[in-house]
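Structure record follows, encoded as C-alpha cells.
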There are 2 protein chains.
Amino acid sequence: MTTARPERADAARNRRKILDAAARVLTTQGAASLSLDAVAKEAGVGVGTVYRRFENRARLVYELIDENETRFQAEFATHADAPPRERLRAFLHGLAELADDNRELLLLAEASVPAGRYHSGPFRRHHEQVSQLLDALAPGADSAYLADLLLMAYTPGLLDFQREHRGWSLDRVTQGLDTLVDGIAATHSPGQLPS
Amino acid sequence: MTTARPERADAARNRRKILDAAARVLTTQGAASLSLDAVAKEAGVGVGTVYRRFENRARLVYELIDENETRFQAEFATHADAPPRERLRAFLHGLAELADDNRELLLLAEASVPAGRYHSGPFRRHHEQVSQLLDALAPGADSAYLADLLLMAYTPGLLDFQREHRGWSLDRVTQGLDTLVDGIAATHSPGQLPS
DNA sequence: TCCTTAAGCGGAGAGCTCTCCGCTTGACCG
DNA sequence: CGGTCAAGCGGAGAGCTCTCCGCTTAAGGA
C-alpha cells in the first residue's frame with residue numbers, strides 16, 4: 001500500500017543516530033528522561049529531524065523495542081513442531097516475560113500515544129502469530145478478534161495496575177490466559193469431542 | 001483507608017462549577033478543545049483550582065462520564081432475574097453501546113492518562129459486576145482476572161482501531177465477547193459437575 | 001464573637017510534545 | 001559535470017499539562 005521511496009542516505013544515517021542516542025539516554029538516564037529534546041541533543045540533530053523520522057515519541061519507542069525483539073521471535077521458532085495448544089501457550093508465556101522485561105519502556109510508549117501500540121510492528125506480528133495459532137486450535141472461531149483480546153492482556157498499564165494495585169504476580173496472568181485458551185479450544189474443539 | 005474529611009463549601013461549589021463548565025465546553029466546542037485552561041476560564045476559576053479538585057485531565061473526564069452513567073446502571077438492574085449468562089451478555093452489550101456513545105470523550109481520557117481508567121469509578125463498578133456474574137456463571141474460574149480481560153475489550157483506543165483500521169462493526173465485538181463467555185462457561189460448567 | 005489553622009485559591013512558569021517554514025543537500029538526469 | 005528539486009534539516013515557538021507557593025478564607029472551638 002504505502003510503498004514510499006527509500007530514505008535518502010543522510011536520513012537513514014540520522015535514523016540510526018537517533019535510535020542509538022535513544023538507547024543510550026535510556027540506559028544512562030532512565031526512561032523518565034527520554035524526552036525527544038534530550039534524544040535530539042544526544043544524537044546531535046535538531047528536534048525537527050527526530051519528528052521527521054519518527055512521527056511521535058511512541059513510534060520511536062516501539063521501534064526501539066522492535067530491535068530487541070528478534071531474539072524472542074527466534075526463540076519461539078524452536079517450538080515449531082509442538083501441537084497448537086502448546087505453541088500458543090508458549091507464545092503467550094513468552095510474551096508475558098517480554099512485556100515484563102520491557103515494562104518501563106512500554107509504559108512510556110503507551111503514555112505518550114495509547115493507540116500507537118496497535119499500529120506498531122510488534123503488535124502486528126504478535127497478532128498474526130496468535131491468529132494463526134488460534135485458527136489451528138479452534139477452527140471456526142473469530143481468531144482475529146480473539147487475538148486482539150488476548151493481546152490486550154499485555155497492555156502495559158493493565159499489567160502495571162494488576163501488579164501494583166491488585167497485587168498479582170505474572171503467574172496469575174499467564175494462568176488466566178491458559179484457562180481462557182482452554183475455553184476457546186473447548187467451544188470450537190476440532191476433533192476430540194466429549195466422549 | 002483514604003477517608004478524607006469532606007470538602008469545604010467553597011471547594012464543593014467549585015467542583016460543580018468546573019464539572020458544569022467542562023460539560024458546556026464539550027458540547028459547544030468539542031472534545032478537542034477541552035483543555036483544562038479553557039475549562040478553568042469557562043468556570044471562572046484558576047487552573048490551580050482545577051488541578052486541586054481533579055488531579056489530572058483524565059480524572060475530570062471520568063467524573064464527567066460517571067455522571068452520565070447512572071442511567072445505564074438503572075437500566076441494567078431490570079434484568080435482575082434472568083439467568084447469569086443472559087445477564088452477563090446484556091451487561092456486556094450495554095457496555096459496548098455505552099463505550100460507543102461516549103467514544104470521543106473516552107478516547108480523550110485515555111489519551112491523557114492511559115492507566116487512569118483502571119482507577120475510575122466506572123471501571124471499578126463494571127469490574128465488580130462482571131466478576132459477580134462470572135462467579136455465578138463459572139464457579140471456580142478466576143473471575144477477577146477474566147473480568148479485567150473482558151473489560152479490556154472496551155479500551156477506547158482498541159475500539160477505535162477495530163472500527164477505523166480493521167473495518168469492524170460493533171456487532172463483531174459483541175459477538176466475539178459472547179463466544180468468549182460461552183467458552184468460559186464451558187470449561188467451568190456448573191451443571192456438568194459430578195453430583 | 002474572635003482566633004486559629006487546615007484547606008482552598010490563583011496564576012506565573014517549568015517542561016514537555018509537536019508544528020512550521022526558510023534553508024540545505026543528496027540523487028538523478030541529460 | 002552541472003542543474004533541478006524532492007527530501008531532509010534545524011530550531012523557534014505554539015500550545016498543552018501540571019507544579020509551586022504566597023495569599024485568602026471557611027469552619028469550629030473557646
Side-chain angles (χ1 to χ4, degrees), chain A residues 2-19 21-22 25-26 29-64 105 107-116 119, chain B residues 2-19 21-22 25-26 29-64 105 107-116 119:
Chain A
T2 335
T3 314
R5 72 179 55 188
E7 277 173 346
R8 240 164 58 172
D10 53 346
R13 212 152 44 228
N14 278 333
R15 170 179 293 272
R16 263 264 61 85
K17 274 203 286 187
I18 292 166
L19 244 15
V25 168
L26 197 64
Q29 305 179 46
S33 309
L34 195 73
S35 78
L36 293 208
D37 263 3
V39 172
K41 192 167 286 179
E42 173 77 26
V45 303
V47 210
T49 303
V50 177
Y51 278 92
R52 167 156 279 267
R53 290 297 115 228
F54 292 101
E55 183 187 349
N56 57 40
R57 190 178 163 178
R59 268 292 226 274
L60 170 58
V61 173
Y62 284 121
E63 220 122 325
L64 222 45
L105 204 52
L107 223 35
L108 191 72
E110 190 187 36
S112 63
V113 183
H119 301 277
Chain B
T2 336
T3 316
R5 71 180 54 188
E7 276 172 346
R8 240 163 59 172
D10 53 347
R13 212 151 47 225
N14 277 334
R15 171 179 292 271
R16 262 266 60 85
K17 274 203 286 188
I18 292 166
L19 243 17
V25 169
L26 197 65
Q29 305 179 46
S33 308
L34 195 72
S35 80
L36 294 209
D37 264 3
V39 172
K41 192 166 286 180
E42 173 77 25
V45 303
V47 209
T49 303
V50 176
Y51 278 92
R52 168 155 276 266
R53 290 295 116 229
F54 291 101
E55 183 187 351
N56 58 39
R57 189 178 165 180
R59 268 293 224 273
L60 170 59
V61 174
Y62 284 121
E63 219 121 327
L64 223 45
L105 204 50
L107 223 35
L108 190 72
E110 191 187 36
S112 65
V113 182
H119 300 277

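Every chain is numbered from 1 and lettered A, B, ... according to where its sequence line falls, protein lines coming before strand lines.
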Problem set entry | side-chain contact (heavy atoms from CB on, under 4.5 Å) partners for R16(B), two or more places apart | L19(B), D20(B), E67(B)

Could you list, one pair per line, each protein nitrogen or oxygen that sits under 3.5 Å from a nitrogen or oxygen of nucleotides 28-30 of chain C, together with the distance?
none

For this session: Check the distance between dA7(C)'s C1' and R53(B)'s CZ and give it to me in whole angstrom.
Result: 8 Å

Exercise. Quick one: CD on Q29(A) to CG on L34(A), what's the gap to the nearest 0.5 Å?
Worked result: 9.0 Å

For this session: List for me each residue that meets side-chain contact (heavy atoms from CB on, under 4.5 Å) alongside A109(A), sequence neighbours excluded, and say none if there are none.
Result: V61(A), Y62(A)

For this session: Examine distances only and state if a side-chain atom of T49(A) and a backbone atom of V45(A) form a donor-acceptor pair shorter than 3.5 Å.
Result: no

Exercise. In whole angstroms, how far is the P atom of dA12(C) from the NZ atom of K41(B)?
Worked result: 11 Å

For this session: Report the residues that fulfil side-chain contact (heavy atoms from CB on, under 4.5 Å) with S35(B), sequence neighbours left out, ordered by chain and then residue number.
Result: D37(B), A38(B)

Exercise. Would a 4.5 Å heavy-atom cut-off, applied to side chains only, mark N56(B) and R59(B) as touching?
Worked result: yes

Problem set entry | Approximate separation, where rounding is to 0.5 Å, of L64(A) CG and I18(A) CD1 | 11.5 Å

Exercise. Under 4.0 Å between a side-chain N/O of T49(B) and OP1 or OP2 of dG10(C), yes or no?
Worked result: yes

For this session: For nucleotides 13-30 of chain D, just jot down a letter per nucleotide in 5' to 3' order: B, S or -, based on protein non-hydrogen atoms under 4.0 Å.
Result: ----BBB-----BSS---

Donor-acceptor pairs under 3.5 angstrom involving side-chain atoms of residues 7-15 of chain B: please list them, not counting sequence neighbours.
unit_1: E7(B); atom_1: OE1; unit_2: R15(B); atom_2: NE; d: 3.3
unit_1: E7(B); atom_1: OE2; unit_2: R15(B); atom_2: NE; d: 2.6
unit_1: E7(B); atom_1: OE2; unit_2: R15(B); atom_2: NH2; d: 2.7
unit_1: E7(B); atom_1: OE2; unit_2: R53(B); atom_2: NH1; d: 3.2
unit_1: R8(B); atom_1: NE; unit_2: D10(B); atom_2: OD1; d: 3.3
unit_1: R8(B); atom_1: NH2; unit_2: D10(B); atom_2: OD2; d: 3.1
unit_1: N14(B); atom_1: OD1; unit_2: K17(B); atom_2: NZ; d: 3.4
unit_1: R15(B); atom_1: NH1; unit_2: E63(B); atom_2: OE2; d: 2.9

